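Data first, discussion second: the structure below is written as structure tokens.
Treat the numbers as computed from the prediction; the structure is a model and nothing was measured. Just follow the structure's listing: the first ligand is 1, and inside any ligand the first atom is 1. Any value given below was found using the heavy atoms of this structure, including those in side chains, with hydrogens, waters and symmetry copies removed. By convention here, the first residue in the shown sequence is residue 1.
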Amino acid sequence: MQIVLIEGDGIGPEVTQAACRVVAAAGVKVDWVKAPAGLPAAEQFGEPLPEETLEMIRRYRVALKGPCTTPVGKGYRSINVRLRQGLELFASVRPVNSLPGIRTPFENVNLIVVRENTEGLYAGLEHEVVPGVVESVRLITKPAAERIVRFAFELARHRNRRMVTFCHKADVMRLSDGLFLECARAVADDYPFIQFEEKPIDNVCLELAMDPSHYDVLVMENLFGDVISDLAAGLIGPAGPGGGLGLVPGANYGHRYAVFEAVHGSAPDIAGQGIANPIAVIRSAALMLEHIGRGEAAARIERAVMKTLEAGVALTRDLGGTGTTATITDEIIKHLQS
Ligand code: NAI
């Protein structure tokens, strides 16, 4: 089977290579079709997200992606944002759960962040009105709002989850989040068997920091989702640089295509040293296998990761160990085969 592989840049090539090794060790034969994106693509093609990369994903439908650097401020627009918009990958899904062997203030985190991926303040509608005044449009449309909330409820239904929380700031952004909230309520009516709650995003942040066990599936617009995903990753990760970023997987789903990637970025501070934690990308690859109907292999990979964390051997630096990307991958493969 052919699946697109975007290695990305920074730690991307290191961690995606680890994920490919684990997928192979799980007995799934994948013919990876490499597609360029990120800094190397910008240097080679003068374009960080070449059209041929989008075409490859359109052809093969599924991709595993490493992180890609986006320079801050001027320069090119985030290729991640463009990829999600270009392929209509409207739903970003990030499951965040407490992990064995990782000491954190909370032991009972088990939530899924569902983020609208194509609109909001990341729609890319920005312009300079006059020098010194810049305007960004926060785009919310009824079809996209309904689509993402329905996606969250369907996910909750398929995964036997108890509650969906819609996060908003409708008291301030009355029109945009007012519309989103209206759509959320209408969709929730179709799912009376799943609990629904609506909460201001600032309350959600406070409660996540105090008692994350309250939450189950959370659904929200783009920018809120970006922030909450990292906050949630921090709840389950060890103290220190990166927190839980090296552990949390992610998926971007559309009706036609799906791209799987970790929450973390290209980590330029540790790139090329062979010390990046590959677990987030390995778990993203497991989500990918689940998506393509290889749920059994996905579950085995997830179990092997849990056993590795529990054993605490060969862990990377962000997890308090002295292991490398290669040694922790070896350990995961060992547990996969035991
Ligand atoms: P980052 O996630 O790359 O790094 C934040 C901190 O976490 C750093 O200290 C880094 O060393 C650590 N870290 C991240 N992943 C790790 C891993 N797997 N193992 C061990 N430590 C890890 O976030 P930052 O620095 O804000 O972004 C760097 C670049 O990545 C930026 O250009 C940003 O735009 C891009 N980015 C790309 C994403 C994507 O392609 N999906 C997502 C987020 C950021």
Side-chain angles (χ1 to χ4, degrees), residues 5-19 22 35-42 48-49 53 63-87 89 92-94 99 102 113 115 117 122 222-223 225-234 236-252 258-285 287 305 308-309 314-329 332:
L5 176 67
I6 298 174
E7 292 182 319
D9 55 53
I11 60 170
E14 303 163 49
V15 290
T16 51
Q17 197 215 355
V22 172
L39 296 179
L49 182 62
T53 295
L64 180 67
K65 176 183 166 296
C68 298
T69 304
T70 299
V72 177
K74 294 200 168 60
Y76 50 81
R77 272 185 67 209
S78 163
I79 73 159
N80 299 309
V81 173
R82 282 172 50 210
L83 187 80
R84 291 163 194 163
Q85 287 174 348
L87 298 172
L89 299 170
S92 155
V93 175
R94 288 163 178 186
L99 297 165
I102 311 277
V113 180
R115 158 187 173 193
N117 238 354
Y122 291 6
N222 214 334
L223 170 63
D226 195 3
V227 176
I228 293 292
S229 305
D230 273 29
L231 191 161
I236 58 105
L245 283 177
L247 297 166
V248 180
N252 298 291
V259 175
F260 297 82
E261 63 178 339
V263 170
H264 63 72
S266 55
D269 52 335
I270 58 165
Q273 298 176 34
I275 56 169
N277 183 351
I279 287 181
V281 176
I282 290 170
R283 297 179 77 202
S284 303
L287 291 178
V305 169
T308 303
L309 292 173
L315 300 187
T316 42
R317 263 202 244 167
D318 57 312
L319 302 178
T322 54
T324 64
T325 311
T327 57
I328 196 169
T329 307
I332 292 168

**Message:** Side chain or backbone, does A267 bring an N or O within less than 3.5 Å of an N or O on ligand 1?
**Reply:** yes
**Prompt:** Is V263 near ligand 1, meaning one of its heavy atoms is under 4.0 Å from it?
**Reply:** yes
**side-chain contact (heavy atoms from CB on, under 4.5 Å) partners of T16, counting only residues at least two apart** = L5, E7, V281
**Atom indices of ligand 1 within 4.0 angstrom of K65 heavy atoms, with elements** = 39 (C), 40 (O), 41 (N)
**Asked** Just which atoms of ligand 1 are under 4.0 Å from any heavy atom in N80?
**Response** 37 (C), 38 (C), 39 (C), 40 (O), 41 (N)
**Message:** With a 4.0 Å cut-off on heavy atoms, is V15 in contact with ligand 1?
**Reply:** no
**Request:** May I ask you to decide if G38's main-chain N or O and D9's side chain share a donor-acceptor pair within less than 3.5 Å?
**Result:** no
**Asked** Any idea which of D318, N277, I270 brings a heavy atom closest to atom 22 (C) of ligand 1?
**Response** I270
**Fill in**
Atoms of ligand 1 under 4.0 Å from any heavy atom of P67, numbered from 1 in the order shown, are 39 (C), 40 (O)
Side-chain donor-acceptor pairs of residues 315-322 under 3.5 Å, sequence neighbours excluded:
residue, atom, partner, partner atom, Å
T316, OG1, D318, OD1, 2.7
D318, OD2, N277, ND2, 3.0

**Asked** Considering all heavy atoms of both residues, which atom of P67 and which atom of H264 are nearest to each other, and what is their separation?
**Response** CB-O, 3.8 Å
**Item:** side-chain contact (heavy atoms from CB on, under 4.5 Å) evaluation trace for I279 with I328
**Value:** CA-CA 9 Å; I279 287 181; I328 196 169; 3.9 Å; yes
**Prompt:** What's the shortest heavy-atom distance between T325 and A18, and which atoms?
**Reply:** CG2-CB, 4.2 Å
**Message:** Would you say that more than 12 heavy atoms from the other residues, nucleotides or ligands in this model lie under 6.0 Å from the CD of Q85, or not?
**Reply:** yes
**For L245, atoms of ligand 1 separated by under 4.0 Å from a heavy atom** = 2 (O), 5 (C), 7 (O)
**Request:** Would you check the N or O atoms of T69, main chain and side chain alike, for any that come under 3.5 Å of an N or O of ligand 1?
**Result:** no
**Asked** Nearest to atom 29 (C) of ligand 1 by heavy atom, P268, S266, P278, G265: which?
**Response** S266
**Message:** With no hydrogens and no angle check, just 3.5 Å: does a side-chain donor-acceptor pair link S92 and N117?
**Reply:** no
**Complete:** side-chain hydrogen bond (donor to acceptor under 3.5 Å, both in side chains) with N252: of E261, R94, K65, only one passes, and it is E261
**Asked** Has C68 got any heavy atom lying under 4.0 angstrom from an atom of ligand 1?
**Response** yes
**Asked** Does an N or O from R84, backbone or side chain, lie closer than 3.5 Å to an N or O of ligand 1?
**Response** no
**Request:** Check R317 against ligand 1 and report side chain, backbone, both or neither, counting heavy atoms closer than 4.0 Å.
**Result:** neither
